[in-house]
Structure formats: C-alpha cells, structure tokens
Amino acid sequence: MGEKTFSTLLWDAQGNEVRDTFRIRSNPDLFCDDDNDDITFDYEEMAFKVRDLSGSEVTALELISAHHYAVIFSCLPDEKGTDCVIDAITEDGNHFIIRVAGTDEKIDLANVQDCFRRECEVMKWIASSTTLPIPRLFYYSVDEQYPYMITDKCDGHILADKFGLFPFEAKVANVRSYARIAIELFKMNAPEGIGSLLSFKSDGSSGLQRVILGPSVMPFEPPTVVSSISDYFKWHFQAKRDSSGIGTNKDDLEEAQAVLDRLESLVFDCISGYDPAILRCIPSHEDLGPQNVLVDSSGVITAVLDWEYHMVQPAVLAVSYPSWIRYDGRRNPRFIHPNNMSSAIWFSSPSDAAKLRDIYDEITKEMNPEYYRALKQGEFCRSATDWLDAGLVDRGCQRLKAWLNSL
C-alpha cells in the first residue's frame, strides 16, 4: 500500500497557481514511542485527568502532526516554545484534545500563563453567549510550568489545506458560514473599551455575566485598556512614529513622518463620521486564518480554534472579510515587501476572491444590515491599523505611501 498524501492549491504574488502534494505522517503515540526524551511535561498526569473527566481509560496519546505552513505542534528541542497538541483516545472510543503551552527558559512564563488563562476565559465567554462552533472546554490548569487545557476534539479538516481545491459552490458555502459566525460575534454585548478579556464569570441561573477587560494580549498594542477609538489610533500613530521600522536615517524619517501625517488626517476624518451603533465594542478573533478553521466536505465551518489572540474593540475595527479571500491593504500583492514575495501565499485566486467578497457583501447585507454597514464603513481604518503595526518594516513608509496613492 502506498503512503497517504494530500494536495493543496495556493496562489503566489503574481496570481499563479502553486500546487503541492504532501505526505500524511502517522501520529506518534506517547504511550508506545520510546524516544520521548524531548517531552519535558508530564503527559501521563494529563492522561489521568482525561480519565477522570471521561470515566474511561486513555489508551493512546497521539501527537498531532505539523503542517507545512501552519505548525500544529512541536516538541522538538530546537522548536520549543510552540504549543503541543495531543489527541487523547479513550477506551470507549472518544477523543479529547490536550493542548500544552510551549515554554522554555527564554520565554516569560508569567506572560504565557496569563495569555493561556485569558484564552480559556474567552472560550468560556464565547460558549456562554453564542452558538459558535468552538472546542468545548472541559478543564484547564494554568499555574504550573506547562499550562494545559483539555477540550473535545472538533470534527473537520483544516481549511488552509482544502479551500483552494474546493469547487466554487463550496467556497460560497464557506463564506456564508463565516458570515453567520461573524454576525453572532457582532451581536454580543461587550464592555466598552479596547483590550482583551481579563476574566469572565457567569451566573447560570440568572444569566448575569461579568466580563472584565485587561490590556490586549496582541503584540504591538497599547499596554492598558484604551477608552476610545480616537485614543487607540493616537497611541498607534505615536508608536509607529517611534518605531525603527520606518527607518533611521534623516531622509527616511522625514518621508515617513509626512506619510503618517497624511494617513492620520484621513483616519480621523473617517472616525468623525462613525456613529455609536458601529462604534460599540464587540469581541474579535485576531488570528482567524485558515489554519485555525475546520470545515466539512461542503465547505461549512465546523470549528474555530486557537482563541489566544483576541480583542474587544469597536465594531468597525472588529468585523472583516474572511482573511482567506482578502487582497486589500497589506494583503495586496502590489504592496508586499520585495523580500517576502517568494514566500507570500494566498488561499484564493484574485478573481475568485473578488467574487466571493461581493457575495459576502450580499449575504451580510441581507442577514444583518448593521454588520454590513460596519464592514463597509470600516474598511479604510482596518487597513490603517494593519499599516500602523509598529513591528512592520517599511522604510520611509514607502509601501504605505504607495497604498495611499492607489486609493
């Protein structure tokens, strides 16, 4: 019998198809594999916890394999710090996912623990407030060297592996199911302020919820909760002006400051036209790429994974087209850094992506006109936040300037 493989279809910066075939590797079983010297956490203790939760003995602990562009796990000595994901299979045939936070001596353990705890809190909030397809959280332990959570195992295939090869009708079904998820998030009640969830408590009998915000867990974001969209952009403009990514010589800095002045004027013109209905704060998944989405064979989303990177922010910034059909702003191939051209990939062809965005407009306008209004009115400011990333290298803001000139 030949080895099992799977194929992918992606697109490069020139719009050319990139087809690849990859070998499907078997998942090593920690109970059977003698070469576990690089596993430094107590996986047997975690298996006992699964047994206690399920009432059934764990018969296998399979490490879920890594993909070519989306690392699902790694326990290799040179890749520590990456989360490890284990499929715990019980005697009665059920599957549980154990996700272990990656830590090592170079990583701030307190920060890892805080982010992991806050991810569990946001999962509880989402599960309590919506019908979104997310992993069911059974247990989590944070205050130890290797924080971990136990969830159910969601059905489906990783969207990143499937989307390019889907027939067009499955792609439409996919964006329709994304719209339902996005609109549920849009309808949620969240505290006013821009940041990430700090804690969540719910009184099941009364339905009362206590949602507390803390600073954003995202990199290059304000260190405190920000009270308004204006203050949020003021912070980002200052952080961008202070960033070495815009250049260090006099000419680059002068050019960058002029471009940022121009962008700032346009952003605040946009903000002045927003009304309270689309400025109210809602939660958003900030790493909602196709590597964190599972789908069935018809394209419908069956699970949204990995909620560590999340925010609460104004609806005009929180809503978005599915990232796998976007070609706008920094995702436009025209504005990719030349050094990244060879490695940049897209999950849909330019023509299909444009059609799917139009279809997404029609779907959301019919399903929830307020969501649609936030989607359209916030397009410029959402792209602006991408360009204002203080970690982005753009000497003299030349790529930002080219984008502004293209509008």
Side-chain angles (χ1 to χ4, degrees), residues 108 110-111 114-115 118-119 122 185 190-199 211-248 252-276 278-288 308-320 328-331 335 374 377-401 403-404 407:
D108 182 350
N111 183 64
D114 179 61
C115 289
R118 292 169 76 178
E119 179 178 4
V122 80
L185 288 171
E192 291 304 307
I194 302 174
S196 294
L197 189 70
L198 187 63
S199 67
V211 182
I212 299 176
L213 286 187
S216 174
V217 297
M218 300 289 294
F220 305 111
E221 286 289 330
T224 60
V225 176
V226 179
S227 61
S228 71
I229 191 171
S230 295
D231 289 343
Y232 181 69
F233 271 107
K234 287 176 183 176
W235 186 92
H236 270 290
F237 274 105
Q238 189 58 55
K240 188 66 175 179
R241 293 179 193 279
D242 294 339
S243 167
S244 62
I246 64 173
T248 54
D252 281 346
L253 290 173
E254 287 181 353
E255 179 67 18
Q257 299 302 335
V259 175
L260 290 171
D261 284 346
R262 178 182 170 191
L263 178 64
E264 188 168 20
S265 176
L266 293 169
V267 164
F268 281 93
D269 280 348
C270 281
I271 290 174
S272 67
Y274 294 155
D275 60 79
I278 59 175
L279 283 176
R280 66 181 185 83
C281 289
I282 63 172
S284 62
H285 190 311
E286 291 298 299
D287 193 17
L288 193 47
E308 177 185 356
Y309 283 162
H310 69 277
M311 285 187 68
V312 170
Q313 57 185 327
V316 287
L317 302 182
V319 302
S320 175
D328 59 308
R330 283 175 56 190
R331 290 174 173 81
F335 310 119
Q377 292 189 21
E379 282 184 287
F380 179 81
C381 282
R382 290 194 299 274
S383 288
T385 59
D386 286 345
W387 286 108
L388 289 172
D389 180 353
L392 175 68
V393 176
D394 184 14
R395 306 297 183 193
C397 291
Q398 288 298 312
R399 288 186 289 135
L400 169 56
K401 181 179 180 180
W403 173 69
L404 286 172
L407 301 177

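Once rounded to the nearest 0.5 Å, the distance linking OG of Ser216 with CD1 of Ile194 reads 10.0 Å. Rounding to the nearest 0.5 angstrom, the gap separating the CG atom in Leu388 from the CD atom in Gln238 is 11.5 Å. In this structure, the separation between CG on Asp328 and CD on Glu379 is 7.0 Å, given to the nearest 0.5 Å. We find the CD-CG distance between Gln313 and Leu213 to be 11.0 Å, quoted to the nearest 0.5 Å. Expressed to the nearest 0.5 Å, how far NE2 of His310 lies from OG of Ser196 amounts to 4.0 Å. Distance check, rounded to the nearest 0.5 Å: CZ of Arg262 to SG of Cys397 gives 11.5 Å.
For the pair Asp252/Ile246, no side-chain contact is recorded, criterion being any heavy-atom separation below 4.5 Å from C-beta on. Here the side chains of Lys240 and Leu392 are in contact, with some heavy-atom distance below 4.5 Å. For the pair Thr224 and Trp235, the minimum side-chain heavy-atom distance is 4.5 Å or more. For the pair Phe220 and Ser243, the minimum side-chain heavy-atom distance is 4.5 Å or more. Annotation: side chain of Glu192 is not in contact with side chain of Ser227 (no heavy-atom distance under 4.5 Å). By the 4.5 Å heavy-atom criterion applied to side chains, Leu197 and Val312 are not counted as neighbours. Between Ser284 and Leu185, every side-chain heavy-atom pair lies at or beyond the 4.5 Å cut-off. Looking at heavy atoms from C-beta onward, Met311 lies out of side-chain contact with Leu317 at the 4.5 angstrom threshold.
Of the charged side-chain nitrogens involved, none lies within less than 4.0 Å of a carboxylate oxygen, so that Asp386 and Arg382 do not count as a salt-bridged pair.
Ring planes of Phe237 and Phe233: tilted class, angle from 30 to 60°. Using a 30° and 60° split on the angle between ring planes, Phe335 and Trp387 fall in the perpendicular class, above 60°.
Closest heavy-atom contact between Pro314 and Cys281: N-SG, 3.8 Å. The two atoms that bring Trp403 and Gly329 nearest to each other are NE1-CA, 3.6 Å, heavy atoms only. The shortest non-hydrogen separation linking Val122 to Glu119 is CG1-O, 3.1 Å.
Sorted by first and then second residue, the salt bridge (Lys or Arg N to Asp or Glu O under 4.0 Å) pairs with a member in residues 211-237 form an empty list; sequence neighbours excluded. Annotation: side-chain hydrogen bond (donor to acceptor under 3.5 Å, both in side chains) contacts involving residues 265-275, sequence neighbours excluded, comprise Asp275-Arg373.
When each of Arg395, Arg399, Lys401 is paired with Glu255, the salt bridge (Lys or Arg N to Asp or Glu O under 4.0 Å) condition holds for Lys401 and for no other.
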**OP:** For Leu400 and Leu260, run side-chain contact (heavy atoms from CB on, under 4.5 Å): C-alpha distance rounded to whole Å, both residues' side-chain angles, the deciding distance at 0.1 Å, then the answer.
**Re:** CA-CA 9 Å; Leu400 169 56; Leu260 290 171; 4.0 Å; yes

